[in-house]
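Encoded as structure tokens, the structure appears first; notes follow it.
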Protein chains: 2
Amino acid sequence: MAITDYFIRYLQRRDTLSAEDLSRLRALRTENETFAPGEVIVPVDRIAQRSCMMLRGLSARSHQLVGRPEERVITALHVPGDFVDLHGFVLAGLEHSVVAVGPVEVEFVSHDQLIDITENFPHLTRLLWMATLIDAAVHRQWLVAAASLRSSAHLAHLLCEIYTRLNAVGAAGDHRFSLPLLQRELADILGYSPIHVNRAVRDLRDRGMITWSGADVKILDWTGLSGLARFDATYLDMEQMSR
Amino acid sequence: MAITDYFIRYLQRRDTLSAEDLSRLRALRTENETFAPGEVIVPVDRIAQRSCMMLRGLSARSHQLVGRPEERVITALHVPGDFVDLHGFVLAGLEHSVVAVGPVEVEFVSHDQLIDITENFPHLTRLLWMATLIDAAVHRQWLVAAASLRSSAHLAHLLCEIYTRLNAVGAAGDHRFSLPLLQRELADILGYSPIHVNRAVRDLRDRGMITWSGADVKILDWTGLSGLARFDATYLDMEQMSR
DNA sequence: AAGAAAGACTAACATTCATTAATCGCAGGC
DNA sequence: GCCTGCGATTAATGAATGTTAGTCTTTCTT
């Protein structure tokens with residue numbers, strides 16, 4: 001997989017890239033880096049000079065709670081092809097950090113190249129914009145899930161979403177995928193205690209919907225799992241459209 | 001207040017607008033419309049040809065739950081100056097509707113004018129992008145609040161945020177504001193039952209932190225309320241910065 | 001092979017929140 | 001001035017989730 005190809009595939013799934021758009025993307029100079037589980041990929045609060053695309057593994061946006069330094073909330077997960085902190089290009093510093101979940105490989109793109117794109121490639125700019133808007137749509141869906149689903153269904157929704165996103169970039173198939181999340185980290189995502197997450201995992205297992213051993217997840221009953229979660233993938237905006 | 005002036009103030013609070021940017025914004029042709037409480041301003045699912053800016057009142061992004069038509073979740077509130085469904089310009093249809101909360105006045109801007117801006121005004125384009133990214137930051141903060149705060153503190157966080165945003169555009173002051181939300185609608189926002197919302201409101205009242213009668217909210221103890229909510233307004237990204 | 005550490009898992013109990021069913025209070029219609 | 005409807009409020013009960021305190025595997029270390 002050559003540089004930025006995952007992200008190009010991400011875009012091409014949703015719009016047609018012109019020859020100029022494509023060659024501009026292919027001409028991006030990037031810095032490749034790897035991170036061990038738990039390492040900070042993008043620190044909180046600092047105004048960065050670059051943003052990173054996921055190449056391999058899983059990363060998370062982690063919010064430290066004020067006054068409770070040992071607690072955190074995870075507000076997003078990122079799979080290969082995601083332009084993780086693209087929003088850091090426009091905002092005045094991020095209010096969260098990005099950390100590696102499991103081993104991670106990313107590519108950094110300098111912001112001066114993004115400035116060039118926004119100055120000279122309006123269609124490509126709208127597609128970058130779109131990528132951040134899809135992230136926002138995922139945020140909204142997490143809010144809907146948090147407000148309307150109980151523990152097992154809430155967990156089921158997360159599994160359906162992650163599988164759909166991994167599958168969309170070819171990083172999962174046959175209803176199997178690798179999810180190197182600890183139950184403690186799942187708790188930070190879902191807003192439950194680790195013990196309650198354990199109950200939810202056991203419930204989905206007892207219903208025969210999934211197996212989960214180590215980092216290996218297999219969805220045995222997609223219909224049942226997605227029905228329980230009332231999962232509808234349209235919010236991931238994976239339709240072709242001219243933008 | 002002339003056309004789009006609220007939104008111009010919203011942008012100027014965060015960056016410097018060049019004379020060209022300003023005149024382009026002032027040249028926007030808009031359609032002014034008013035809505036009664038509960039009316040749909042932007043319907044779900046349809047690919048729109050225009051997006052709307054809030055001029056007066058309060059509106060909400062409302063997600064209908066699949067299979068439960070009487071239930072909904074509100075994932076965002078919008079105050080004057082907000083470019084409510086700007087994301088509809090780039091996404092392939094919205095997965096939520098926008099409804100009026102109390103009486104509302106908005107201005108619609110056609111998407112062909114937004115195309116023109118993205119083709120010819122790169123700095124202004126980045127500012128429009130920024131507006132949608134601030135919405136996303138608010139989504140994330142709501143996720144953090146939902147995961148880490150119990151009922152009273154969660155409600156307190158919402159009140160702190162709305163007051164801060166209203167105050168930033170001059171639509172509130174002296175720790176007073178109008179919030180025409182029913183407790184049932186608050187429940188759709190916070191993910192609680194209406195009864196539990198009532199308990200939270202009573203709790204904040206009993207602590208002497210707020211009064212709330214009809215649509216009139218007064219924060220009596222800002223320090224206490226924002227401390228309870230662990231509210232930190234930096235996520236609203238209200239700092240001046242060149243983007 | 002023994003020990004240690006980390007994560008998964010379980011049980012018992014406490015707290016938070018949902019549900020159901022009423023009552024209360026206010027505003028509008030007649 | 002009374003009725004009516006809607007929303008706010010309260011109480012009682014049960015379900016969902018948190019907390020504390022462990023045990024059980026597995027894996028790594030020595």
Side-chain angles (χ1 to χ4, degrees), chain A residues 36-38 58 65 68 70-74 101-103 145-159 178-207 210-218 228-229, chain B residues 36-38 58 65 68 70-74 101-103 145-159 178-207 210-218 228-229:
Chain A
L58 197 66
L65 297 187
R68 285 181 287 182
E70 68 289 352
E71 288 182 59
R72 62 168 186 174
V73 176
I74 290 173
V101 177
S148 68
L149 301 176
R150 320 280 93 208
S151 53
S152 305
H154 194 175
L155 172 59
H157 192 280
L158 181 70
L159 294 176
S178 168
L179 192 62
L181 279 170
L182 304 181
Q183 293 189 353
R184 163 168 30 95
E185 295 169 322
L186 264 182
D188 293 336
I189 295 171
L190 299 173
Y192 297 124
S193 65
I195 287 82
H196 206 64
V197 167
N198 187 279
R199 289 193 270 251
V201 173
R202 173 164 34 125
D203 183 51
L204 294 185
R205 260 202 284 257
D206 289 350
R207 293 174 190 239
I210 64 167
T211 62
W212 189 336
S213 149
D216 300 322
V217 177
K218 181 161 172 52
L228 177 65
Chain B
L58 198 67
L65 298 186
R68 285 182 287 183
E70 67 290 352
E71 289 182 56
R72 63 170 188 174
V73 175
I74 290 173
V101 176
S148 68
L149 302 176
R150 320 278 94 213
S151 52
S152 305
H154 194 176
L155 171 60
H157 191 280
L158 180 69
L159 294 177
S178 168
L179 192 62
L181 279 171
L182 303 181
Q183 292 190 355
R184 163 166 31 93
E185 294 169 324
L186 263 182
D188 294 335
I189 295 171
L190 299 173
Y192 299 124
S193 64
I195 289 84
H196 205 65
V197 167
N198 186 279
R199 290 192 270 253
V201 173
R202 173 164 38 122
D203 184 50
L204 293 185
R205 261 202 285 257
D206 290 350
R207 294 174 187 239
I210 65 167
T211 61
W212 190 337
S213 149
D216 299 322
V217 178
K218 180 159 173 54
L228 178 65

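Values below: all heavy atoms of this structure, side chains included; hydrogens, waters and symmetry mates excluded. Lettering follows sequence order; numbering is per chain, from 1.
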Legend entry - Under the salt bridge (Lys or Arg N to Asp or Glu O under 4.0 Å) test, residues paired with A:Arg207 that sit two or more places apart: A:Asp203
Legend entry - Spacing between A:Asp203 atom CG and C:dC9 atom C1', to the nearest angstrom: 15 Å
Legend entry - Side-chain (B:Ser193) to main-chain (B:His196) donor-acceptor, under 3.5 angstrom: yes
Inset, instruction - From the options B:Leu179, B:Leu181, B:Thr211, select the one residue that forms a side chain to side chain contact (heavy atoms under 4.5 Å, CB included) with B:Val217. - result: B:Leu179
Inset, instruction - Please give the angle, rounded to 10 degrees, between the axes at the start and the end of the helix from C:dA1-D:dT30 to C:dC30-D:dG1, where five pairs define each axis. - result: 30°
Inset, instruction - Look at the side chain of B:Arg199 and the base of C:dA18, then say whether one donor and one acceptor between them are separated by less than 3.5 Å. - result: yes
Inset, instruction - Could you list by number each residue of residues 185-197 of chain A showing a heavy-atom separation from DNA chain D of less than 4.0 Å, or answer none if no residue does? - result: A:Gly191, A:Tyr192, A:Ser193, A:Ile195, A:His196
Legend entry - Protein-nucleotide distance (B:His154, atom NE2; C:dT16, atom P), rounded to Å: 16 Å
Legend entry - Atom pair OH/CZ of B:Tyr192 and B:Arg150 - distance to nearest 0.5 Å: 6.0 Å
Anything under 3.5 Å between a protein N or O and an N or O of nucleotides 4-8 of chain D, put it in a table, one pair a line.
| residue | atom | partner | partner atom | Å |
| --- | --- | --- | --- | --- |
| D:dG7 | OP1 | B:Arg184 | NH2 | 3.4 |
| D:dG7 | OP2 | B:Arg184 | NH2 | 2.9 |
| D:dA8 | OP1 | B:Gln183 | N | 3.3 |
| D:dA8 | OP2 | B:Gln183 | N | 3.4 |

Legend entry - Pair listing, salt bridge (Lys or Arg N to Asp or Glu O under 4.0 Å) test, anchored in residues 180-190 of chain A, at least two apart: A:Arg72-A:Glu185, A:Arg72-A:Asp188
Inset, instruction - Apply side chain to side chain donor-acceptor pair (under 3.5 Å) to B:Arg202 and list each qualifying residue two or more places apart in sequence or on a separate chain. - result: none
Inset, instruction - Kindly say if A:Ser151 contacts the phosphate of D:dT17, meaning a side-chain N or O under 4.0 Å from OP1 or OP2. - result: yes
Legend entry - Gap between atom NE2 of B:His154 and atom CD1 of B:Ile189 - 0.5 Å precision: 9.0 Å
Legend entry - Any residue meeting side-chain contact (heavy atoms from CB on, under 4.5 Å) with B:Ala153, in chain and number order, not counting sequence neighbours: B:Leu149, B:Leu228
Legend entry - With A:Ser148 via side-chain contact (heavy atoms from CB on, under 4.5 Å) - residues at least two apart: A:Val144, B:Leu65, B:Arg68, B:Val73
Inset, instruction - Would you please confirm or rule out a distance under 4.0 Å between OP1 or OP2 of C:dA18 and any side-chain N or O of A:Arg150? - result: no
Inset, instruction - Sugar-phosphate means primed atoms, P, OP1 and OP2; the rest is base. With that split, encode nucleotides 24-29 of chain D 5' to 3' as B, S or - using protein heavy atoms under 4.0 Å. - result: ------
Inset, instruction - Considering non-hydrogen atoms only, spot the tightest contact between A:Ala187 and A:Pro194 and give its length. - result: CB-N, 3.7 Å
Legend entry - Spacing between A:Leu149 atom CG and D:dA16 atom C1', to the nearest angstrom: 14 Å
Inset, instruction - Can you sort out the partners of B:Pro180 under side-chain contact (heavy atoms from CB on, under 4.5 Å), two or more places apart, ordered by chain and number? - result: B:Leu58, B:Val101, B:Ser178, B:Ala215
Inset, instruction - Could you grab the distance from atom CH2 of A:Trp212 to atom CG of A:Leu155, nearest 0.5 Å is fine? - result: 6.0 Å
Legend entry - Rounded distance [0.5 Å steps], NE2 in A:His157 versus OG in A:Ser152: 14.5 Å
